[in-house]
Amino acid sequence: MAVNTDEVLISHAEIEQMLDRVSAELNRDYNGKPLVVVGILTGAFIFTADLIRRLEMPVIVDFMQVSSYVGEYSTGELKIKKDLSVDIKDMDVLIVEDIIDTGRTLSLLKEQLKQREPRSLKICTAFDKPDRRVVDLVPDYNGITIPDEFIVGYGLDLDGKYRDFDDIRIVRKE
Ligand code: IMP
Ligand code: MG
């Protein structure tokens, strides 16, 4: 089956506007307070890099790599492939994700990170697909809401490919 990525859903200019808006909201809300930014690998590496350069407060940047799976006897389990290097106790923490789909990954991650007793824990996502949500999870900061399509580019991949596109494209299988 061939994959077609010709259809642009979100242009690079729209992504830049989104970055300006989301960073302005963060700068307003955190108002100069130090922030620990937790980028979720691999998809959020570009969004994290673009966002932190627009933030005005002091930031510590770290990354986690996680995945979720639905086990035979559970509603969902989190696998941590790479954990944080910093201690987040009593810190203001912002999880930065590429896209929220079912919401399973971030709701499990949020529960885990809460146990480390941060002062606050919020979620910022570049893209949100609320139509596919299976758990109750609403991001505190959302870049762009998208329809129920599989998208690539700006860090998002299909089998490791297309992360380098500077716009967002819809994947069509033909
Ligand atoms: P969920 O919210 O737990 O379902 O998982 C979200 C993760 O699935 C994201 O971090 C992405 O890695 C991946 N994902 C979901 N939708 C897409 C998409 O449209 N394109 C690329 N990756 C996606
Ligand atoms: Mg991901």
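Bear in mind that the values here come from a model prediction, so they are computed numbers and not experimental data. Both counts, for ligands and for their atoms, begin at 1 and track the order of listing. For the single chain, residues carry numbers from 1 onward in sequence order.
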Is Arg28 paired with Glu25 through a side-chain N to carboxylate O contact shorter than 4.0 Å?
no
Do ligand 1 and Ile100 have nitrogen or oxygen atoms that lie under 3.5 Å from each other?
no
By number and element, which atoms of ligand 1 are closer than 4.0 Å to a non-hydrogen atom of Thr102?
1 (P), 2 (O), 3 (O), 4 (O)
Using a strict 4.0 Å threshold on nitrogen-to-oxygen distance, state whether Asp128 and Arg133 make a salt bridge.
yes
Using heavy atoms and a 4.0 Å limit, tell me yes or no: is Glu149 in contact with ligand 1?
yes
What atoms of ligand 1 come within less than 4.0 Å of a heavy atom belonging to Thr105?
1 (P), 3 (O), 5 (O)
Can you name the atoms of ligand 1, numbered from 1 with element, that are less than 4.0 Å from a heavy atom of Lys129?
16 (N), 17 (C), 18 (C), 19 (O)
Touching ligand 1 at all, Gly43? Heavy atoms, strictly under 4.0 Å?
no
For ligand 1, which is the ligand I care about here, please tell me if Ile151 has any N or O atom under 3.5 Å from one of the ligand's N or O atoms.
yes
State whether the number of non-hydrogen atoms from other residues, nucleotides or ligands found under 6.0 Å of Asp148 atom CG is greater than 12.
yes
Determine, using the 4.5 Å side-chain heavy-atom cutoff (strictly less than), whether Ile146 and Val8 are members of one ILVMFWY cluster.
no
Hey, which atoms in ligand 1 end up nearer than 4.0 Å to a heavy atom of Glu97?
10 (O)
Would you say Asp157 has any N or O atom under 3.5 Å from an N or O of ligand 1, going by distance alone?
no
Check for a donor-acceptor pair, side chain of Lys33 on one end and backbone N or O of Met57 on the other, with a separation under 3.5 Å.
no
Give the single entry among Tyr69, Tyr162, Phe150 that approaches atom 22 (N) of ligand 1 most closely by any heavy atom.
Phe150
Within less than 4.0 angstrom of ligand 1, does Arg133 place any heavy atom?
no
Taking the side chain as every heavy atom from C-beta outward, state whether Met18 and Ile10 have any atom pair closer than 4.5 Å.
no
Hey, are Asp98 and Arg163 close enough for a salt bridge, meaning a charged N less than 4.0 Å from a carboxylate O?
no
In short, ring pair (Phe, Tyr, Trp, His ring centres under 6.0 Å) pairs touching residues 150-174 with sequence neighbours left out are Tyr162-Phe165
Could you list the donor-acceptor pairs under 3.5 angstrom formed by side chains in residues 137-144, with sequence neighbours left out?
| unit_1 | atom_1 | unit_2 | atom_2 | d |
| --- | --- | --- | --- | --- |
| Asp140 | OD2 | Ile123 | N | 2.8 |
| Tyr141 | OH | Asp29 | OD2 | 2.5 |
| Asn142 | ND2 | Thr145 | OG1 | 2.9 |

Is ligand 1 under 4.0 Å from a heavy atom in the side chain of Leu156, in the backbone, in both, or in neither?
side chain
Ligand 1 contact by Asp98, heavy-atom criterion under 4.0 angstrom
yes
